[in-house]
Amino acid sequence: DVCSSDLAVESFSFNNIRFGNSTIPPTPTDPDSLSIQEIEVGFNLLPLLVGQPLNIDIVVLNTQLYIEQDKTGKWLNLELPKLKEKSPINLDVNWRLKNTKIAIKPQGFDQPIAINAQVKGNYRKQEQQEVSYNIDAAVLGSEVQVIGQTIIETGSTQVDLNLKQLSLRELTSLIPD
C-alpha cells in the first residue's frame, strides 16, 4: 500500500465529504513524498438530474510535497491506470490548494528548492477535457503567477507568466557553472 494512512473520512453529508490527514511516504527506491492535512470535497448532485455537469469543489489544505529528480532526469515516475471507458457523467471540478509547500531537488543539487504556492484550478469534461489553472508561487526570493489553460486530448496549452518580483541573484544560483 502506497499510503501510510488510509484516506480517512472525517465527515460525510449529502453534499460534502471531508478526508483527514493522508501521506505518501518516501520509499527505499523513491524519495518523493506527499502529506496533506485535510481534503474537503463539496458536490451538488441536482444538476445531474437535468443533464448538467456534476459540480465538484475540492479544497486541499496544508500540503507538503517533496520531489527529487532522478538520475535519468525524470521528476515523477507515475504509472496511472488507463481508463477503459469514458465516463458518462460530464464534470465541472474546481479545486484550490491552500498553504502548499513544495520542495524540489534537481539532480546535482545538495539542497532542495522551497516553493510556497496557492493554486486554483478547474477541470471541465464535456466534449473535450479542459484544465485551467492559476498559480501564485514564491520561489528563491521571486514571486510568479502562472495562468493557463490546457486541452488534455491535444496538449494544446496557453500560459501567461507574470513576474511580480524577480530576484536574479537567487535565481542565477540554479545555473550550473
Side-chain angles (χ1 to χ4, degrees), residues 1-13 15-44 54-70 73-81 83 91-107 109-125 129-150 152 157 159-165 167 170-171 173-174:
D1 189 13
V2 173
C3 293
S4 67
S5 63
D6 291 276
L7 196 57
V9 175
E10 288 189 346
S11 67
F12 179 81
S13 69
N15 62 352
N16 186 285
I17 300 174
R18 184 180 348 198
F19 299 95
N21 188 41
S22 298
T23 59
I24 300 175
T27 66
T29 59
D30 189 352
D32 299 344
S33 64
L34 174 67
S35 173
I36 298 172
Q37 182 180 359
E38 184 177 313
I39 302 171
E40 296 177 10
V41 180
F43 47 89
N44 183 357
L54 173 61
N55 296 316
I56 301 173
D57 290 306
I58 302 171
V59 178
V60 181
L61 301 170
N62 301 323
T63 301
Q64 293 188 12
L65 174 64
Y66 176 82
I67 303 173
E68 192 171 303
Q69 188 178 31
D70 70 14
K74 289 185 180 178
W75 285 97
L76 292 172
N77 292 315
L78 297 176
E79 292 182 28
L80 300 175
L83 297 177
L91 299 173
D92 189 354
V93 181
N94 292 301
W95 71 85
R96 290 182 307 255
L97 304 177
K98 293 184 175 181
N99 192 26
T100 301
K101 297 186 184 321
I102 303 168
I104 61 171
K105 186 176 176 208
Q107 182 68 25
F109 277 62
D110 294 329
Q111 296 295 317
I113 299 166
I115 302 170
N116 292 318
Q118 303 294 328
V119 181
K120 295 178 186 175
N122 175 269
Y123 166 83
R124 188 170 282 141
K125 179 204 170 277
Q129 298 180 74
E130 180 181 298
V131 177
S132 58
Y133 36 90
N134 185 335
I135 304 167
D136 288 305
V139 58
L140 295 173
S142 299
E143 293 181 25
V144 298
Q145 181 183 46
V146 179
I147 301 171
Q149 183 175 12
T150 301
I152 294 175
T157 299
V159 174
D160 292 326
L161 175 65
N162 299 305
L163 299 173
K164 296 180 181 179
Q165 179 178 336
S167 176
E170 296 284 334
L171 291 174
S173 69
L174 297 176

Worksheet item: Considering the options Ile58, Val93, Ile17, which one meets the side chain to side chain contact (heavy atoms under 4.5 Å, CB included) requirement together with Phe43?
Response: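 That would be Ile17.
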Could you pull out all residues at least two apart from [X] that satisfy side-chain contact (heavy atoms from CB on, under 4.5 Å)?
| X | result |
| --- | --- |
| Ser33 | Pro26, Tyr66 |
| Leu65 | Leu34, Ile67, Ile102 |
| Glu38 | Arg18, Glu40, Leu61 |
| Ser13 | Asn15, Asn16 |

key: Qualifying salt bridge (charged side-chain N to carboxylate O under 4.0 Å, His left out) pairs, either residue in residues 91-102, two or more places apart   =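 Listed once each, the pairs are Asp92-Arg124.
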Measure the [atom1]-[atom2] distance between [X] and [Y] for me, rounded to the nearest 0.5 Å.
| X | Y | atom1 | atom2 | answer |
| --- | --- | --- | --- | --- |
| Phe19 | Gln37 | CZ | CD | 15.5 Å |
| Gln64 | Thr100 | CD | OG1 | 10.0 Å |
| Leu54 | Leu91 | CG | CG | 6.0 Å |
| Asn99 | Asn62 | CG | CG | 4.5 Å |

With a cut-off of 3.5 Å and sequence neighbours excluded, list every side-chain donor-acceptor pair involving residues 136-146.
residue	atom	partner	partner atom	Å
Asp136	OD1	Gln145	NE2	3.4
Asp136	OD1	Lys164	NZ	3.3
Ser142	OG	Ser167	N	2.9
Gln145	OE1	Asn162	ND2	3.2
Gln145	NE2	Asn134	OD1	3.4

Closest non-hydrogen atom pair, Gln129 against Tyr123: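 The pair with the smallest heavy-atom distance is OE1-OH, 2.6 Å.
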Practice prompt. Measure from the side-chain N and O atoms of Ser11 to the backbone N and O of Val9, and report whether any donor-acceptor pair falls under 3.5 Å.
Written response: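 It does not hold such a pair.
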query: Is there a donor-acceptor pair under 3.5 Å between the side chain of Gln69 and the backbone N or O of Gln107?
result: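 Answer holds: yes.
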**Asked** Counting only heavy atoms not in Gln165, do more than 12 sit closer than 6.0 Å to its CD atom?
**Response**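 Count over threshold, so yes.
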Lys125 atom NZ, over 12 foreign heavy atoms within 6.0 Å
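Above 12, so yes.
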- prompt: Would you say Thr150 and Tyr133 make side-chain contact, with heavy atoms under 4.5 Å?
  reply: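 Of all side-chain heavy-atom pairs linking Tyr133 with Thr150, at least one is under 4.5 Å.
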